[in-house]
Amino acid sequence: MATSTTVRTKPTFIESAEAIPSATGRDYTPLSSPQEVIAYARAQGLKIVDFKFIDVPGTWQHFSAHINELSEDIFREGIGFDGSSIRGFQAINESDMLLFPDPASAVIDPVCTVPTLSLVCDVVDPLTHQPYTRDPRYVAQKAERYLINTGIADVSYWGPEAEFFIFDSIRFDQNAHSAYYYVDTEEGVWNSGRNGTSPNLGHRPRWKEGYFPVPPADTLQDLRSEIILKLIEAGVPVEVHHHEVATGGQCEIDMRYNSLTRMGDSLMMYKYIIKNMARAHGKTATFMPKPLFQDNGSGMHVHQSLWKTGKPLFHDKEGYASLSQTALYYIGGLLKHSAALLALCAPTTNSYRRLVPGYEAPVNLVYSRRNRSASVRIPMYSDNPKAKRIEYRCPDNTCNPYLAFAAMLMAGLDGIQNKIHPGEPMDRDLYDLEPEEAAKVKQVPGSLSESLDALEADHEFLLQGGVFTKDLLETWIDYKRKKEVDAIRLRPHPYEFYLYYDA
């Protein structure tokens with residue numbers, strides 16, 4: 001594969017290749033140079049190199065080459081690709097783009113049968129020789145740099161709890177004259193009365209009772225264990241795994257916290273491994289927020305904290321829930337900008353099927369310790385200052401993690417810089433409030449369209465330090481309105497036939 005000769009020096013990206021404590025007790029230390037990567041690939045007998053990068057909506061893209069094509073020139077000069085074929089990138093008349101592999105991302109691909117080196121890449125414009133402003137990973141890197149430049153902190157840590165479903169079968173179609181979807185899994189409680197060719201063995205989680213049952217009700221124990229072993233192989237430390245609340249195969253695997261860009265990398269690897277491991281077992285995994293009607297959806301509760309010179313900034317033993325004033329202002333920024341944030345953090349029409357009362361969904365824009373009905377929860381498991389963090393519960397896994405994490409950080413920093421107080425906490429079950437009390441509690445937007453309108457009106461906080469650009473935000477809003485909001489709005493829904501056919 002030919003390399004470009006246009007760019008002679010790699011653009012400067014923020015470095016965050018620190019050692020990561022792994023669940024096995026050893027350190028996974030990223031490689032730090034092209035020479036180390038090439039030597040590692042040869043020592044491991046790898047045959048293929050795979051170049052991965054992310055599009056604007058948040059899906060990994062890739063292409064591969066023989067390992068003999070991996071040279072220092074690729075790290076120094078980049079490797080070309082067609083940017084016009086990538087969602088949210090270039091027009092066809094300006095399609096040539098470059099990828100620069102990040103040496104610290106090098107791992108043996110955990111799901112490929114042929115021994116393959118996996119490299120996550122940054123995107124560069126070959127005309128300007130600068131990082132591409134619509135590259136989501138570059139946005140994350142700029143957010144980390146902006147944090148340092150503010151002087152508030154020198155690192156932010158992120159720990160997303162990404163929930164997902166593993167099904168046995170999924171069928172769906174939409175055309176001019178029909179529309180349907182059909183989800184099935186042996187574990188689904190709806191199969192309790194099934195009378196088929198194979199025995200019906202029972203032991204299924206009931207609706208909204210899937211949290212923590214042991215096997216045989218939890219049929220996915222071994223598969224999740226295999227998944228976490230693959231994650232650890234890929235340098236993604238894992239803390240725990242378990243069944244989640246919904247019937248039909250809802251799961252959660254919790255990764256150990258990491259810095260912003262590196263956690264974006266880890267979450268992409270997380271989704272990649274889970275989808276491919278499910279497929280290897282004849283199953284299918286989805287991170288769709290609400291695939292099942294009348295049961296809990298899948299969110300991504302994002303734990304986050306700020307640190308400076310090795311000290312946590314969110315802890316104050318005298319504060320509410322042991323939170324510092326800095327942490328309260330950070331929460332204030334999240335709550336103030338939540339309507340706009342959700343255009344990036346809960347960015348699909350299906351996201352708002354999840355964000356409804358009654359399914360543990362965080363629809364109320366308030367904060368509270370321990371309270372899972374609030375948008376911001378302060379975990380109280382430990383009184384260790386290093387464990388003090390806040391948990392923003394609105395996002396889901398359909399987000400682009402680099403953009404979502406960067407946007408949350410920018411909202412929190414805006415809260416600190418402008419001393420935005422979040423008001424009084426709400427330490428009550430917010431679903432049981434009297435109507436007049438509930439009416440006073442601000443809630444999340446009810447649709448993607450509302451969130452996009454909010455982002456259009458409230459985005460100055462994202463532009464600070466050049467972290468986001470107007471061009472990127474306009475591209476995002478335009479894409480979401482045309483490709484998703486309008487696409488759903490223009491199609492008849494199957495339930496509309498039930499409601500209106502005899503009108």
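No experiment lies behind these values; they were computed from the predicted model shown.
- Under the side-chain contact (heavy atoms from CB on, under 4.5 Å) rule, Asn258 has a single partner from Arg262, Arg256, Met255, which is Arg262.
- Taking the salt bridge (charged side-chain N to carboxylate O under 4.0 Å, His left out) definition, one finds that Glu437 meets it with Arg428, sequence neighbours left out.
- Judged as a ring pair (Phe, Tyr, Trp, His ring centres under 6.0 Å), and not counting sequence neighbours, Tyr392 has no contacts.
- Under the side-chain contact (heavy atoms from CB on, under 4.5 Å) criterion, Asp427 pairs with Tyr320, Ser368, Arg369, Pro425, sequence neighbours left out.
- For Trp476, the ring pair (Phe, Tyr, Trp, His ring centres under 6.0 Å) test picks out no residue, with sequence neighbours left out.
- Note on Glu456 versus Arg481: salt bridge recorded, some NZ/NE/NH1/NH2 to OD/OE distance being below 4.0 Å.
- Every residue two or more places apart in sequence or in another chain that forms a side chain to side chain donor-acceptor pair (under 3.5 Å) with Arg389 is listed here: His303.
- Between Glu186 and Arg204 there is a salt bridge, with a side-chain nitrogen of the basic residue lying less than 4.0 Å from a carboxylate oxygen of the acidic one.
- Sorted by first and then second residue, the side-chain hydrogen bond (donor to acceptor under 3.5 Å, both in side chains) pairs with a member in residues 322-331 read Gln304-Tyr330; sequence neighbours excluded.
- In terms of heavy atoms, Thr261 sits closest to Gln141 at OG1-N, 3.5 Å.
- Salt bridge annotation for Glu484-Lys480: present, with a cationic side-chain nitrogen under 4.0 angstrom from a carboxylate oxygen.
- By the salt bridge (charged side-chain N to carboxylate O under 4.0 Å, His left out) test, Asp55 pairs with Arg87, sequence neighbours left out.
- Among the candidates Leu220, Val238, Ile273, the single residue satisfying the side-chain contact (heavy atoms from CB on, under 4.5 Å) test with Ile227 is Ile273.
- Residues passing the side chain to side chain donor-acceptor pair (under 3.5 Å) test with Glu244: none are found, sequence neighbours excluded.
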Compile the donor-acceptor pairs under 3.5 Å between side chains in residues 491-500 and protein atoms, sequence neighbours left out, one pair per line.
| from | atom 1 | to | atom 2 | distance (Å) |
| --- | --- | --- | --- | --- |
| Arg491 | NH1 | Ala487 | O | 2.8 |
| His493 | ND1 | Tyr495 | N | 2.9 |
| Glu496 | OE1 | His493 | N | 2.7 |

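- Remark: Phe165 pairs with Phe167 by the ring pair (Phe, Tyr, Trp, His ring centres under 6.0 Å) rule, at least two apart or across chains.
- With sequence neighbours excluded, the residues satisfying side chain to side chain donor-acceptor pair (under 3.5 Å) with Glu209 are Arg206.
- Under the ring pair (Phe, Tyr, Trp, His ring centres under 6.0 Å) criterion, Phe461 pairs with His337, not counting sequence neighbours.
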